[in-house]
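Written out below as structure tokens is the structure these notes cover.
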There are 2 protein chains.
Amino acid sequence: MNRQILVVEDEAPIREMITFVLEQNGFNAIEAEDFDQAKEKVVEPYPDLILLDWMLPGGSGVKLAKMLKQNEYTRSIPIIMLTARADEEDKVRGFDVGVDDYVTKPFSPKELIARIKAVIRRVAPTALEEAIEFHGMKLDPVAHRVSINDSNIDLGPTEFRLLHFFMTHPERVYSREQLLDNVWGTNVYVEDRTVDVHIRRLRKAITGAGHEDFIQTVRGSGYRFSGKIKASV
Amino acid sequence: MNRQILVVEDEAPIREMITFVLEQNGFNAIEAEDFDQAKEKVVEPYPDLILLDWMLPGGSGVKLAKMLKQNEYTRSIPIIMLTARADEEDKVRGFDVGVDDYVTKPFSPKELIARIKAVIRRVAPTALEEAIEFHGMKLDPVAHRVSINDSNIDLGPTEFRLLHFFMTHPERVYSREQLLDNVWGTNVYVEDRTVDVHIRRLRKAITGAGHEDFIQTVRGSGYRFSGKIKASV
DNA sequence: AGTTTTTGTGACAATTTTATGACATGGGTA
DNA sequence: TACCCATGTCATAAAATTGTCACAAAAACT
């Protein structure tokens with residue numbers, strides 16, 4: 001299972017060098033040399049990681065990063081930003097956008113590979129495009145459809161994203177704030193309690209379809225999505 | 001809840017600058033200027049993050065990093081390595097040791113803070129929270145769940161925190177005051193005896209699930225969490 | 001044995017946290 | 001424009017948690 005890595009870099013020699021190094025190391029490189037090309041390449045099946053040059057003609061890398069990180073489907077693709085040494089400031093701005101790491105040019109091949117591996121290891125990817133099944137409940141991100149035992153249930157966009165997030169992150173408690181960050185997106189000003197309401201709507205849709213409620217309330221902490229738990233008596 | 005950050009750096013001006021920046025940004029800095037001092041500072045309560053200079057007198061930073069990363073108790077503390085620009089190779093070696101990130105000198109305060117925050121956000125939540133198992137009782141901080149022989153027992157928030165504290169600090173007696181400090185938080189005005197009540201609730205939940213009581217009363221001193229005790233003869 | 005000190009327990013009321021129904025808003029569409 | 005739907009927010013109901021107390025039980029001490 002080779003990792004697909006999209007290399008967005010306008011300087012051809014550097015781009016080719018990177019591609020070479022990647023393929024030497026068992027990665028699968030896709031190339032793009034500007035904003036528009038990159039946009040075209042970020043489609044299904046999505047790359048597993050993006051190496052993104054900070055300075056791109058016709059639109060900065062940051063702009064692209066921001067765009068990707070705001071899109072529901074591309075948000076979880078890790079991005080490593082390639083920066084020129086000079087401008088420290090840009091690095092920081094890169095972080096604000098949600099970039100996962102950056103590498104300063106010039107960099108050694110070893111360093112690049114080390115960083116890529118580190119990021120991939122860290123981000124723990126779940127392939128976005130694949131249907132997820134969990135205890136008879138199936139969520140198909142492509143068809144944007146949820147079914148329980150082959151009968152469809154319909155959800156609003158937000159409920160869908162919420163369920164999607166939960167299904168890709170089961171067995172783990174998330175606070176309301178974390179859910180807002182992950183499902184609604186960062187820097188969105190919404191009340192904590194709004195999460196409760198959406199949880200309720202989601203629960204209603206699921207249990208209404210005759211399915212067991214897989215969302216557990218963890219008092220004082222948040223909510224958790226998981227399968228049956230043996231209750232203690 | 002301020003984060004404790006240990007700054008290990010031999011050059012005083014740099015160290016002080018870092019400390020200043022950290023405290024400006026709401027972090028709590030602890031300083032060390034060499035290997036030995038650093039070793040002394042990495043004790044309970046452990047720092048939340050370590051800024052470690054690559055070049056230290058009397059033992060390199062890498063040596064210290066390696067040591068910390070091999071120790072069971074300090075392994076999960078994120079480390080950011082401070083490196084001199086020149087040697088790219090060292091950076092990579094830093095990664096091999098398990099260092100979580102590095103910053104190349106000279107760096108801007110903004111960048112430093114951004115990296116610290118990124119690392120804490122990234123590393124701390126998962127690394128700090130590995131499941132703890134003790135004689136068939138398992139506590140998973142991530143799932144926020146306690147199970148005994150695979151059947152879940154549910155605890156209130158306070159009982160959960162109390163058990164968590166005990167399981168991370170077994171075989172040691174804690175006075176009621178100490179427990180209040182550690183579980184309830186400092187400067188909280190609560191009666192000593194309240195601890196007794198929570199101990200009882202916790203015991204009830206555990207023994208109620210058919211599990212042996214691992215909390216021992218140490219008369220006149222407090223409570224201790226530990227495995228079976230050999231009866232005295 | 002009697003007394004004092006310390007801890008265990010059940011009950012309870014106050015407080016905190018969550019569930020739920022209703023409603024207003026705003027975007028999109030016929 | 002009128003209508004529909006999704007969404008965020010509130011008010012209120014419901015539920016769970018928590019700190020204390022009073023008293024029982026146990027241990028320590030005279």
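Protein chains get the first letters and strands the later ones, always in sequence-line order, with residue 1 at the start of each.
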| For DNA chain C, which nucleotides open and close the run of contacts to chain B, 5' to 3', at under 4.0 angstrom from a non-hydrogen atom? | C:dT5 to C:dA11

| Does any N or O in the side chain of B:Asp48 come within less than 3.5 Å of the main-chain N or O of B:Gln4, such that one atom is a donor and the other an acceptor? | yes

| field | For atom CG of A:Leu155 and atom P of D:dA6, their distance in whole Å | value | 10 Å

| field | Result of checking B:Tyr174, B:Tyr223, B:Phe225, B:Trp184 against B:Phe165 for ring-ring contact (aromatic ring centres under 6.0 Å, His included) | value | B:Tyr174

| task | May I ask you to check whether A:Ser221 and B:His144 show a side-chain donor-acceptor distance below 3.5 Å? | result | yes

| field | B:Ile206 vs B:Leu163 side-chain heavy atoms within contact, under 4.5 Å | value | yes

| Quick one: A:Arg200 CZ to D:dA15 C1', roughly how many Å, whole number? | 16 Å

| field | Distance in angstrom units between B:Arg201 CZ and D:dG19 C1', rounded | value | 8 Å

| Within the side chain of A:Glu159, is there an N or O that forms a donor-acceptor pair under 3.5 Å with the backbone of A:Gly156? | yes

| remark: Atom CG of B:Asp196 and atom C1' of D:dA22 are separated, to the nearest Å, by 14 Å

| said: With heavy-atom distances below 4.5 Å as the criterion, would you say the side chains of B:Leu52 and B:Ile80 are in contact? | reply: no

| request: Using a 4.5 Å cut-off on heavy atoms from C-beta on, say whether the side chain of B:Val146 contacts that of B:Phe160. | output: yes

| message | If I take atom CD in residue A:Glu159 and atom P in nucleotide D:dC5, what distance separates them, rounded to the nearest angstrom? | response | 14 Å

| Rounded to the Å, how far apart are B:Phe160 CZ and D:dA16 C1'? | 17 Å

| message | Which nucleotide wins on minimum distance to the side chain of A:Val197, given the candidates D:dT7, D:dT9, D:dT17? | response | D:dT9

| query | Has A:Thr158 got a side-chain N or O lying under 4.0 Å from the OP1 or OP2 atom of D:dA6? | reply | no

| said: Within the structure provided, determine whether A:Ile116 and A:Leu22 are in side-chain contact (heavy-atom separation under 4.5 Å). | reply: yes

| request: Between protein and nucleotides 23-30 of chain D, map the contacts as a letter string: B base, S sugar-phosphate only, - none, heavy atoms under 4.0 Å, written 5' to 3'. | output: ---BBS--

| request: For B:Leu202 and D:dT17, give me the distance from atom CG to atom P, rounded to whole Å. | output: 14 Å

| message | Any donor-acceptor pair under 3.5 Å linking the side-chain atoms of B:Arg172 with those of B:Gln178? | response | no

| message | Taking 4.0 Å as the cut-off, does a side-chain nitrogen or oxygen of B:Trp184 come that near to OP1 or OP2 on D:dT18? | response | no

| field | Interatomic distance, B:Leu162 CG vs D:dG19 C1' [rounded to whole Å] | value | 14 Å

